[in-house]
Protein chains: 2
Amino acid sequence: MTIKDIARKAGVSVSTVSRALNGHPDVSEALRKKILEIVRAEHYVPNSSARDLVLQESDTIGLIVRGIGNPFFTELIPLIEEAIVRSGYTPFVEQIATGADEIRAGAALARSKKLRGLIFLGGRFDYTEEDVAVLSVPFVCCSYTNSFGTLPETSYSSVSIDDEKTAALAVTTLTERGHKRIAVILDTMEDHSISELRYRGYLSALRDAGIEPDPALVVETNAFTMPEAYRGIRRLAASGTEFTAVFSISDSMAVAAIRALVDAGKRVPEDCSVIAIDGIPFTEYTVPVLTTLVQPTRTMAERSVSTLIGVIEGRGKHRHLLLETGLRTGGSVRPRTV
Amino acid sequence: MTIKDIARKAGVSVSTVSRALNGHPDVSEALRKKILEIVRAEHYVPNSSARDLVLQESDTIGLIVRGIGNPFFTELIPLIEEAIVRSGYTPFVEQIATGADEIRAGAALARSKKLRGLIFLGGRFDYTEEDVAVLSVPFVCCSYTNSFGTLPETSYSSVSIDDEKTAALAVTTLTERGHKRIAVILDTMEDHSISELRYRGYLSALRDAGIEPDPALVVETNAFTMPEAYRGIRRLAASGTEFTAVFSISDSMAVAAIRALVDAGKRVPEDCSVIAIDGIPFTEYTVPVLTTLVQPTRTMAERSVSTLIGVIEGRGKHRHLLLETGLRTGGSVRPRTV
């Protein structure tokens, strides 16, 4: 007795049997009951691992999270799961290390779980067609773009903020308040990834304000971690380089930067302002509350899921959404006293 | 050609062939080569998904993480992965929601990935034998105990801190500095879980110091979240109830508590001391640095993995380890000025 036999007996397609067995909401209750009766009568697929082998498709959407210590992802994961469940699919969340290969992990998961689609939360910004050829299911890049890659836009989806524009907004918030000596804290200036895009935004905001960039104000952490951000700002403060504000490309590095400024004898925001991008819940509770451009996590989760499911179900096409951030006015930025 | 045929040709057991193919360290290099030559000669298992179906076991250890927003887990995940890889096994990390059923998720993963063993990072404290009967592989509870359950000690392992003793240590740190009016912030007093154990420790430290517990000083958040911790401490501060210190059962709720105290016009630590349990990296960078009892995350990860692998390989027995915490002297606790 195979799934084909069940389908023949029920007078429906194999795909309908599969969807019925997976509790898919587009199968009517009456039809589901009929199929389940046949399944029971024929003693078909007594355990789910046998079922997994037989079915051609499941109702599962994989979420590959690359970068375990990222508090921004921590906030997005449950929102994406919720959106998947609400859409009648089943989420499966796999975590991989920051430097791991999300495409390979996604391809393996797609095979073992017979996925319908994949959401990558964090990944490289420079995919080629060859890189993603191993993926047998549609995918969406959540929270990042493929700005440095060569994938045709029609072959995948992405939902993220505009990194360059958002960074420019953050830095303009500082220049508008009279700051001219603005330090930036990032991974590396040329990482072909998030740091490079946000550094471009920093430069363009300075340019717009008529400020000459000073390489001495660029703090590269080479690691994206709080300890490295702390050390970088301590070094900058000890170097004698004058600065009245810091733009951090992430909330968590901004928290370490504030600590470093305080330890170096500078008050925040009286002596030095700090602004960032992310808006993780934690920084709503720091002293002072972090002023930051908040990523719209709920919208990002929902659009990622709805876009992917549109493609899976043949209702929609791949698309590339750039979402707006919102300024959270905390207590870490104030006008420069001239 | 099946795995049995390979085993017969090589003159070894099926299990040895499986271990050789999975790169298991207990198979000699010479024997592995011999087996691989037969495999190649016979064109056996050309792809890994066919291999997964045929092999009775893999080299994979599953890590089920229950509770996505928990920053303490975020720190433990890469440490556990590292320890698994160092031991010659392959980790597979699945994330499930805070309220989800980790045993069911573990049983499904054990089937689909042919796991050798399971590590639960976060879970219920009250398992029965019936609950865990679905698990076909050995497991270890990492960072929690089964204090409210009825599992025989010989049927599973656990590696955690002693919740009651650690809470008592934290509160004694406060009583020794002259504090008598000590608030506690927890989920609920009777959750049959971590809050209940740490609340017991709070009570016993008060008792040891000759202090009568005051129910008005218990802040129940019913959620373990920062917003609820913030609201709880704001309510307590507004109630007029006198207190000079707060014991929070987690670092993240302590951060929210400090913010609430500051917003209520109290200085930390001058007007109110705050101490917690966890020692997440984030709270090393808050202003003030959080004084907290630091969980030994690296040791916890390594012992969880080594204990489990000892059981898997038949070298060790199930055991229950209680690890010591260390006091991080931050800036959030000071002697009460009387």
Side-chain angles (χ1 to χ4, degrees), chain A residues 47-50 52-53 63 65 67-71 73-82 85 91-98 100 105 108-109 111-114 225-227 229-230 252-263 267-268 280-289 331, chain B residues 47-49 52-53 63 65 67-71 73-82 85 91-98 100 105 107-114 225-227 229-230 252-263 268 280-289 331:
Chain A
N47 68 60
S48 71
S49 75
D52 285 350
L53 299 183
L63 173 61
V65 185
I68 285 161
N70 189 329
F73 291 169
T74 302
E75 195 190 344
L76 268 165
I77 297 167
L79 296 173
I80 293 171
E81 284 194 295
E82 248 180 73
V85 170
F92 188 93
V93 187
E94 183 182 354
Q95 287 254 11
I96 62 172
T98 306
L109 192 66
R111 252 197 327 269
S112 73
K113 289 276 165 191
K114 306 210 188 309
T225 65
M226 297 180 77
Y230 178 86
S252 55
M253 291 201 295
V255 169
I258 290 175
R259 173 87 241 163
L261 291 166
V262 170
D263 287 354
R267 293 164 303 164
V268 176
I280 59 174
F282 210 100
T283 59
E284 284 180 59
Y285 295 96
T286 51
V287 180
V289 170
Chain B
N47 69 58
S48 72
S49 75
D52 285 351
L53 299 183
L63 172 61
V65 184
I68 283 161
N70 189 329
F73 291 169
T74 302
E75 195 189 344
L76 268 166
I77 297 167
L79 297 172
I80 293 172
E81 284 194 295
E82 248 179 73
V85 170
F92 189 94
V93 187
E94 183 182 355
Q95 287 254 12
I96 61 172
T98 307
L109 192 66
R111 254 197 326 268
S112 72
K113 290 274 164 192
K114 305 209 189 311
T225 65
M226 297 180 76
Y230 178 86
S252 55
M253 290 201 297
V255 169
I258 290 175
R259 171 89 242 163
L261 291 166
V262 169
D263 287 353
V268 177
I280 59 174
F282 209 100
T283 58
E284 285 181 58
Y285 295 96
T286 50
V287 180
V289 169

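Proteins come first, then strands; the chains are lettered A, B, ... in the order of their sequence lines, and each starts at number 1.
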Under 4.5 Å from any heavy atom of chain B - which part of [X]:
| X | answer |
| --- | --- |
| A:Val289 | both |
| A:Glu81 | side chain |
| A:Ile280 | side chain |
| A:Glu75 | neither |
| A:Val262 | side chain |
| A:Leu109 | side chain |
| A:Pro288 | backbone |

Partner chain A: residue of B:Thr225, B:Ile77, B:Val65 with the largest heavy-atom pair count (under 4.5 Å): B:Ile77
Chain A contacts, top residue of B:Asn70, B:Thr74, B:Leu63 (heavy-atom pairs, under 4.5 Å):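 Result: the option with the highest number of such pairs is B:Thr74.
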Residue selection (most heavy-atom pairs with chain B, distance under 4.5 Å) from A:Pro227, A:Pro71, A:Ala260: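 Most heavy-atom pairs under 4.5 Å with chain B: A:Pro227.
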Which of A:Phe92, A:Tyr230, A:Phe73 touches chain B most, by non-hydrogen pairs under 4.5 Å: A:Phe92
Is there a side-chain contact between [X] and [Y] in this structure, where contact means two heavy atoms from C-beta onward sitting under 4.5 Å apart?
| X | Y | result |
| --- | --- | --- |
| B:Ile96 | A:Val93 | no |
| B:Val85 | B:Glu82 | no |
| A:Pro91 | A:Ile80 | no |

Short side-chain to backbone donor-acceptor contact, A:Thr286 and A:Phe282, under 3.5 Å: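 Not a single qualifying donor-acceptor pair exists.
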Shortest non-hydrogen separation from B:Met226 to A:Tyr285 and the atoms involved: CE-CD1, 3.6 Å
Atom of B:Glu284, atom of A:Arg259 and distance for their closest heavy-atom approach: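 Minimum heavy-atom contact is O-CD, 3.9 Å.
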Gap between atom CD of A:Glu94 and atom OG of A:Ser112 - 0.5 Å precision: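 With rounding to 0.5 Å, OG (A:Ser112) is 8.0 Å from CD (A:Glu94).
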